[in-house]
Amino acid sequence: MLKIAHLYPELLGTYGDGGNALVLASRARRRGVTVDVVEVTLEDQIPDADIYLLGGGEDGPQRQATYALAKDRALARRVDDGAVVLGVCAGFQILGTSYDVEGDITVEGLGLLDAVTTRGPKRRVGDLLTRVGSRWIVGFENHGGQTELGAGVSPLGVVEEGFGNGVLTGDAGRHVDGARVGRLYATYAHGPVLAQNPWLADELLGLALGRDLEPLVSVADQLHRERVEAVGDFHGAAFAN
Ligand code: GLN
């Protein structure tokens, strides 16, 4: 049994990131895995789960979610136990050390990632395309915060289109997106990101299940290939999938 906890959808659900839970469940079930998806509300205690999902949200609900997560402590404990976590946008910022919201209030994050979010010079809205090794993440971003990663934290990928974390990083001064530390993944990409990038859903499932998954033939995989090819045509470059 694979248990997926979708955390506070009533607070972190403005951008359709709840679709990430549906995608994980569907792709696991199609491999014969029994799945339980739990929607955890503010009223609930956070259950023990194999995968935790945190979506994007507005500043106010984001703060409420942060306080509730800090009080419950189950997420931090489960991360120590090896659970897989995906944080998107507000979810990413919450996992970090601290973030500033409108009005310049600094909120302490969960500290599961060494990442500090401050207000950016402008809201970053638009398409986001990130290279992760030989793979691509396509999605869109909409955030006022920008995130600086600590020295020991790797970004999830290098941005080709858009802003991602929004601060230039490394000697080459590139934009990067998200973070990856062990089994903790974070990104600014909505979409929902796992619907648009099924390979990433399979990577998370593979980690949680402790095995490589057999490939799936699905419309989502085909659409991902087509989107990446379309970007390649647009850029006149050979974009591998
Ligand atoms: N409120 C945060 C910001 O604007 C997160 C936004 C989001 O989750 N899309 O930076």
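One-based numbering, in listed order, for ligands and for the atoms of each.
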Original post:
With a 4.0 Å cut-off on heavy atoms, is Q146 touching ligand 1?
Top reply: no
Original post:
What's the shortest distance from atom 7 (C) of ligand 1 to any protein heavy atom, and which residue and atom give it?
Top reply: C89 SG, 2.8 Å
**OP:** Flag V88 as yes when one of its N or O atoms lies below 3.5 Å from any N or O atom of ligand 1, and as no otherwise.
**Re:** no
Original post:
Are any of the N/O atoms in R119 less than 3.5 Å from those in ligand 1?
Top reply: no
Original post:
N/O of E58 under 3.5 Å from N/O of ligand 1, yes or no?
Top reply: no
Subject >> Nearest atoms (heavy-atom pairs only) where P192 meets G19 >> reply: CG-CA, 3.7 Å
Original post:
When you measure from atom 10 (O) of ligand 1 to each heavy atom in P61, G87, G145, G166, which option holds the nearest one?
Top reply: G145
Original post:
Any side-chain donor paired with an acceptor under 3.5 Å for D100 and T118?
Top reply: no
Subject >> Nearest neighbour of atom 1 (N) of ligand 1 from the list D100, T117, D59, on a heavy-atom basis >> reply: D59
Original post:
Has the side chain of D72 got a donor or acceptor atom that lies under 3.5 Å from a matching backbone atom of A74?
Top reply: yes
Original post:
Can a non-hydrogen atom of Q93 be found less than 4.0 Å from any atom of ligand 1?
Top reply: yes
Original post:
Minimum heavy-atom separation for R31 to R211, with atom names?
Top reply: O-NH2, 4.4 Å
Original post:
Taking atom types as modelled and ignoring hydrogens, do the side chains of T66 and Y99 form a donor-acceptor contact shorter than 3.5 angstrom?
Top reply: yes
Original post:
If you count the atoms of ligand 1 from 1 in the order shown, which ones are under 4.0 Å from a heavy atom of A90?
Top reply: 5 (C), 7 (C), 8 (O)
Original post:
Does an N or O anywhere in G144 fall below 3.5 Å from an N or O of ligand 1?
Top reply: yes
Original post:
Do the side-chain N and O atoms of Y188 and Q93 include a donor-acceptor pair separated by under 3.5 angstrom?
Top reply: yes
